[in-house]
Amino acid sequence: MTQDKKLYIGIDLGGTHIKGGLVDADGRIVSERSVPTGASEPAGHTLGEMARLIQSLAETARGRGTVAAAGIGAAGQVDHEKGVFIEGPNVPNWKNVPVASDMRKASGFPVVLDNDAHVAALGEYACGAGRGAAAMLMVTLGTGVGGGIVLDGRLYRGKDNTAGEFGHTTIQHDGPVCACGRRGCVEAFIGTQGILRRTREKLALDRSSSLHRVKPNEMEPRHVGEAAEQGDAVAQAVLRDIGEFLGTALANIVNLLNIERAVIGGGVSNAGEWIFKSARERLAKDALKVPRGTVQVVRASLGNSAGIVGAAKLAMEGV
């Protein structure tokens, strides 16, 4: 009977590591491993590493079940229907790479590809903090700000597979320049560079902050979160501001789509209530009465496993 059990492989293509997991039909990871991405190498090198990782996980499945399919999530622009990775920040040497077909040839079973934020949203919706919600927004807070939308129980991609770009919605038309080249994007305020810029601005006005002990070129959002936990007033003010920007952006989505749940993940979300409290308060002020009474703003629950679980779920659905 064990050999009749279907298992799925989920792959999370990151800038430093390719993480892979063997996942059962209930979304449980039964085996996990990773290999270096080799982002600066030619595409063929990284594809070879990925193929070997998939084959290794498939071998691990022997005696436990049969691998039915694999899913891959990658940061960047993806043609989901064709399974082609167009371009992205983590693997700069990749241009129009037919990832799904290459991995299908290497493994012998079906392989599907999608954007990493879409995949994370699918993982949280199916097996994490979004479970049971009919309409959900997933937001990932990190170097960039990603997003994925689930409507009526299905991942919403839009015509060109670009739906969910929460980080590139505009909340101030003459605001700071974003990495995308436009002004006032959400990411320009609450992505890593936005957080650090706001921290520098406040530190210039307050010499008492413990954050002055961190070298400017070594400052990261985690330092701000740690200082806030230790009672640093500047750090707490920065995170409250970040939460307010997040809340304003969420209110726009709530008013537009009447989502039931906003799931917030990514490294910056580790700051917890310092961000979440002000985000909820601003959302309550900016959103219309009826939809704001419906939506819940919650922290993602799958952590670093969201990409693997979501990619495996993508493979399960085969869509």
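Values reported hereafter were calculated over all heavy atoms of this structure, with side chains retained and with hydrogens, waters and symmetry mates removed. By convention here, the first residue in the shown sequence is residue 1.
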Revision key, fill the gap. Closest non-hydrogen contact found for L53 with G20 is CD2-N, 3.9 Å

Practice item. For R240 and E244, run salt bridge (charged side-chain N to carboxylate O under 4.0 Å, His left out): C-alpha distance rounded to whole Å, both residues' side-chain angles, the deciding distance at 0.1 Å, then the answer. Key: CA-CA 6 Å; R240 282 195 298 270; E244 288 227 345; over 6 Å; no

Point to revise | Under 3.5 Å: donor-acceptor pair, side chain of H212, backbone of D206 | key: yes

Exercise for review: State whether the side chain of N115 and the backbone N or O of A117 hold a donor-acceptor pair below 3.5 Å, judged by distance alone.
Suggested key: yes

Let me have the donor-acceptor pairs involving side chains of residues 121-146, under 3.5 Å, with sequence neighbours excluded, atom names and distances please.
unit_1: E124; atom_1: OE1; unit_2: A129; atom_2: N; d: 2.8
unit_1: E124; atom_1: OE1; unit_2: S301; atom_2: N; d: 3.2
unit_1: E124; atom_1: OE2; unit_2: S301; atom_2: N; d: 3.2
unit_1: E124; atom_1: OE2; unit_2: L302; atom_2: N; d: 2.9
unit_1: R131; atom_1: NH2; unit_2: C127; atom_2: O; d: 3.1
unit_1: T140; atom_1: OG1; unit_2: G146; atom_2: N; d: 3.2

Practice item. Would you check if the side chain of Q296 reaches a backbone N or O of R261 as a donor-acceptor pair within less than 3.5 Å? Key: no

Point to revise | Whether over 12 other heavy atoms sit under 6.0 Å from K202 NZ | key: yes

Practice item. Could you tell me whether a side-chain N or O of T170 sits under 3.5 Å from a main-chain N or O of G184, the two making a donor and an acceptor? Key: no

Exercise for review: Evaluate the ring planes of F189 and F245, with Trp represented by its six-membered ring, and classify them as parallel (under 30°), tilted (30 to 60°) or perpendicular (over 60°).
Suggested key: tilted

Check your understanding: Under the 3.5 angstrom rule, does the side chain of R104 hit a backbone N or O of V111 as a donor-acceptor pair?
Key -> yes

Practice item. Is it possible for you to say whether V119 and V150 belong to one hydrophobic cluster, with membership spreading through side-chain heavy-atom contacts below 4.5 Å? Key: no

Practice item. Would you check if the side chain of R183 reaches a backbone N or O of H173 as a donor-acceptor pair within less than 3.5 Å? Key: no

Review point. Has the side chain of R157 got a donor or acceptor atom that lies under 3.5 Å from a matching backbone atom of H118?
Key: no

Exercise for review: Return yes if some donor-acceptor pair links the side-chain N/O of R299 with the main-chain N/O of G272 below 3.5 Å, else return no.
Suggested key: no

Review point. Backbone N or O of E41 within a donor-acceptor pair of the N93 side chain at under 3.5 Å?
Key: yes

Check your understanding: Should E281 and K285 be marked as a salt bridge (charged side-chain N to carboxylate O under 4.0 Å, His left out) after you check the CA-CA gap, both sets of side-chain angles, and the distance that decides it?
Key -> CA-CA 7 Å; E281 289 172 351; K285 293 175 182 176; 5.9 Å; no

Point to revise | From NE2 (H80) to OG1 (T162), nearest 0.5 Å | key: 13.5 Å

**Study point:** From CA spacing to verdict: side-chain contact (heavy atoms from CB on, under 4.5 Å), M50, D102
**Key:** CA-CA 10 Å; M50 188 186 299; D102 284 358; over 6 Å; no

Point to revise | N270 side chain vs G267 backbone, donor-acceptor pair below 3.5 Å | key: yes

Check your understanding: CG of N252 to CG of L283: how many Å apart, nearest 0.5 Å?
Key -> 10.0 Å

Practice item. Identify whether the distance between the nearest side-chain nitrogen and carboxylate oxygen of R52 and E49 falls below 4.0 Å. Key: yes

